[in-house]
J.: 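First the structure, then my questions, so here it is.
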Amino acid sequence: MKILIVEDERKVGQFIEQALREQAYTVRVTPTLAAARDALAESPYDAVVLDLGLPDGDGLELLREWRAAGFNEPVLILSARDAVDDRIRGLNLGADDYLPKPFSVDELVARIRSLLRRQSTGPRHTVLEHRGVRLDLLARTAECGGQPVELTSREFALLELFLQNPRRVLTRTLIAEKVWDASYDLETNLIDVYVRRLRQKFERDGEAPFIKTVRGTGYQLA
Ligand code: CA
């Protein structure tokens, strides 16, 4: 389990990092909005702890950006600003929990554990649909315009990743980690080969591309 902590106070960041490492989580601390933006674009996380007062802006702005871009990682807001307004604003913007500073580290760890549990057992869509493409996660079947399409298990996993993140640009690193468990060498063009196969199976003549290439970054469902 990987947790991203966005916190500019070094001591607080280290304190949280140490507590989470003791629970066997993998932790990365970023002290600015800019660094957090890069971290989340580079690699997937299972949860994010987000401070609001950061040297280059407001954590809530970053949360708004993430949610608009389709990032669905659970976010716990951490802030000295315990005003009801901020709490409501944060939750309205898509935060999953809010912990006012000062907090006990045991409580933080407990809340993160609960977020991760909710994430893994929460109601999930079992049928994903997009522009005539239909993926049934329980039956493990795919259809395009009502016609069954045969997929290998890797193609299925890749298509599922696209359909679970319809508005998000998926970087090659993220795709490799989620679909290949990062066990595959990024220098090969395996991801491109698999994307091409999905395009061949799901794109119909004369229609807009089903998966678009985002130059230098990765791919996005179109
Ligand atoms: Ca701060």
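Below, all heavy atoms of this structure are taken into account, side chains as well, without hydrogens, waters or symmetry copies.
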J.: Are Leu170 and Ile211 linked, directly or through intermediate hydrophobic residues, by side-chain heavy-atom contacts shorter than 4.5 Å (ILVMFWY only)?
T.: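 Same cluster.
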
J.: Heavy atoms, side chains only, cut-off 4.5 Å: are Asp97 and Ile77 in contact?
T.: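 Not in contact.
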
J.: Minimum heavy-atom separation for Ser79 and Asp51, please, with both atom names.
T.: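 Heavy atoms of Ser79 and Asp51 come nearest at CA-OD1, 4.2 Å.
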
J.: Under 4.5 Å between any side-chain heavy atoms of Asn165 and Leu174, yes or no?
T.: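 Counting from C-beta outward, Asn165 and Leu174 never come under 4.5 Å.
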
J.: Would you say Leu99 and Glu107 make side-chain contact, with heavy atoms under 4.5 Å?
T.: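 The answer is yes; the side chains approach within 4.5 Å.
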
J.: Quick one: CG on Leu198 to CD on Glu155, what's the gap to the nearest 0.5 Å?
T.: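 It comes to 6.0 Å.
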
J.: Distance only, no hydrogens: is a donor on one side chain within 3.5 Å (strictly under) of an acceptor on the other, for Gln220 and Arg167?
T.: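 Gln220 vs Arg167: no donor-acceptor pair found between side chains.
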
J.: Shortest non-hydrogen contact from Val109 to Ala19?
T.: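 For Val109 versus Ala19, the nearest heavy atoms are CG2-CB, 4.2 Å.
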
J.: Between Val179 and Val169, is there a shared hydrophobic cluster once you connect ILVMFWY residues whose side-chain heavy atoms come closer than 4.5 Å?
T.: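 No, because Val179 and Val169 fall into different hydrophobic clusters, even though each may have its own neighbours under 4.5 Å.
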
J.: Would you name the heavy atoms of Pro55 and Thr32 that are closest together and state the gap between them?
T.: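 So the two residues come closest at CG-CG2, 4.0 Å.
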
J.: Which residue pairs satisfy the ring-ring contact (aromatic ring centres under 6.0 Å, His included) criterion with at least one member in residues 14-50, sequence neighbours excluded?
T.: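 Residue pairs passing ring-ring contact (aromatic ring centres under 6.0 Å, His included), neighbours aside: none found.
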
J.: What pairs meet the ring-ring contact (aromatic ring centres under 6.0 Å, His included) rule with one or both residues in residues 203-222, with sequence neighbours excluded?
T.: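 Checked against ring-ring contact (aromatic ring centres under 6.0 Å, His included) - neighbours excluded - the pairs reaching residues 203-222 are Phe202-Phe210.
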
J.: Using a 4.5 Å cut-off on heavy atoms from C-beta on, say whether the side chain of Gln23 contacts that of Met1.
T.: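 They are not in contact (no side-chain heavy atoms under 4.5 Å apart), so the answer is no.
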
J.: Which heavy atom of Pro31 sits nearest to which heavy atom of Leu54, and what is that distance?
T.: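 For Pro31 versus Leu54, the nearest heavy atoms are O-CD2, 3.9 Å.
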
J.: Only one of Ile3, Leu108, Asp96, Leu50 clears side-chain contact (heavy atoms from CB on, under 4.5 Å) with Leu76; which?
T.: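 Single pass found, and it is Leu108.
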
J.: Which residues pass the salt bridge (Lys or Arg N to Asp or Glu O under 4.0 Å) test with Arg131, not counting sequence neighbours?
T.: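 For Arg131 there are no salt bridge (Lys or Arg N to Asp or Glu O under 4.0 Å) partners, ignoring immediate neighbours.
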
J.: For Pro100 and Tyr98, which heavy atoms make the closest approach, and how far apart are they?
T.: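 Heavy atoms only, the tightest pair is CD-O, 4.0 Å.
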
J.: Let's go through Tyr194 and Thr152 carefully: what are the C-alpha distance in whole Å and the side-chain angles of both, what is the deciding distance for side chain to side chain contact (heavy atoms under 4.5 Å, CB included) to 0.1 Å, and is it a yes or a no?
T.: CA-CA 10 Å; Tyr194 271 82; Thr152 66; 4.3 Å; yes

J.: Under the criterion side chain to side chain contact (heavy atoms under 4.5 Å, CB included), I'd like the reasoning laid out for Thr26 against Leu20: C-alpha separation, chi angles, the key distance, then a yes or no.
T.: CA-CA 8 Å; Thr26 304; Leu20 291 174; over 6 Å; no

J.: Pairs of donor and acceptor atoms involving the side chains of residues 136-150, under 3.5 Å and at least two apart or interchain, shall be tabulated with distances.
T.:
residue : atom : partner : partner atom : Å
Asp136  : OD1  : Leu138  : N            : 3.0
Asp136  : OD1  : Ala139  : N            : 2.9

J.: Let me confirm one number: the NZ-CG distance from Lys178 to Leu161, rounded to the nearest 0.5 Å.
T.: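 Going from NZ on Lys178 over to CG on Leu161, the span is 7.5 Å.
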
J.: Look only at the side chain of Arg89 and the backbone of Leu60, and say whether a donor-acceptor pair between them is shorter than 3.5 Å.
T.: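 No; zero donor-acceptor contacts below 3.5 Å.
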
J.: Looking at side-chain heavy atoms only, is the closest gap between Glu61 and Asp58 below 4.5 Å?
T.: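 Side-chain contact under 4.5 Å: yes.
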
J.: Give a yes or no on whether a salt bridge exists between Arg134 and Glu160, defined as a side-chain N under 4.0 angstrom from a carboxylate O.
T.: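 Salt bridge absent between Arg134 and Glu160.
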
J.: Look up atom CG in Leu159 and atom CZ in Arg197, then write down how far apart they are to the nearest 0.5 Å.
T.: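 Rounded to the nearest 0.5 Å, the CG-CZ separation comes to 13.5 Å.
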
J.: Is there a donor-acceptor pair closer than 3.5 Å between any side-chain N or O of Arg168 and the backbone N or O of Ala69?
T.: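 Not confirmed, Arg168 side chain does not pair with Ala69 backbone.
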
J.: Out of Leu40, Val48, Leu63, which one pairs with Val6 under the side-chain contact (heavy atoms from CB on, under 4.5 Å) rule?
T.: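 Running side-chain contact (heavy atoms from CB on, under 4.5 Å) over Leu40, Val48, Leu63 with Val6 returns exactly one hit, Val48.
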
J.: Under 3.5 Å, is there a donor-acceptor pair between the side chain of Asp56 and the main chain of Ala34?
T.: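 At least one qualifying donor-acceptor pair exists.
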
J.: As an exercise, state the distance from CD of Glu203 to CZ of Arg196, rounded to the nearest 0.5 Å.
T.: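 Reported value, rounded in 0.5 Å steps: 12.0 Å.
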
J.: Atom CG of Leu221 and atom NZ of Lys212: how far apart are they, to the nearest 0.5 Å?
T.: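 Atom-to-atom, Leu221:CG and Lys212:NZ are 9.0 Å apart.
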
J.: Can you tell if the side chain of Trp180 reaches within under 4.5 Å of the side chain of Arg154, non-hydrogen atoms only?
T.: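 A side-chain contact under 4.5 Å exists here.
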
J.: Can you measure from CG (Leu62) to CZ (Arg64) and round to the nearest 0.5 angstrom?
T.: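 Between atom CG of Leu62 and atom CZ of Arg64 there are 11.0 Å.
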
J.: Taking side chain as C-beta onward, heavy atoms only, is Ile5 less than 4.5 Å from Arg28?
T.: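 They are not in contact (no side-chain heavy atoms under 4.5 Å apart), so the answer is no.
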
J.: Tell me, which pairs form a side-chain hydrogen bond (donor to acceptor under 3.5 Å, both in side chains) where one or both residues lie in residues 1-12, sequence neighbours left out?
T.: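 Qualifying pairs, neighbours excluded: Lys2-Ser43, Glu7-Lys101, Glu9-Lys101.
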
J.: Please report the closest heavy-atom contact between Pro209 and Ala222, naming both atoms and the distance.
T.: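 Result for this residue pair: O-CB, 3.2 Å.
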
J.: Sub-3.5 Å donor-acceptor pair from the side chain of Arg67 to the main-chain atoms of Phe71, do we have one?
T.: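 Pair found, side chain donor or acceptor close to backbone of Phe71.
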
J.: Evaluate the side chain to side chain contact (heavy atoms under 4.5 Å, CB included) criterion for residues Phe162 and Val133: first the C-alpha distance (whole Å), next the side-chain angles of each, then the deciding distance (0.1 Å), finally the verdict.
T.: CA-CA 11 Å; Phe162 277 113; Val133 174; over 6 Å; no

J.: Who passes ring-ring contact (aromatic ring centres under 6.0 Å, His included) against Phe156, sequence neighbours left out?
T.: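 Per chain and number, Phe156 pairs via ring-ring contact (aromatic ring centres under 6.0 Å, His included) with no residue.
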
J.: Given side chain to side chain contact (heavy atoms under 4.5 Å, CB included), test Glu42 with Thr171 step by step and report yes or no.
T.: CA-CA 7 Å; Glu42 270 165 25; Thr171 63; over 6 Å; no

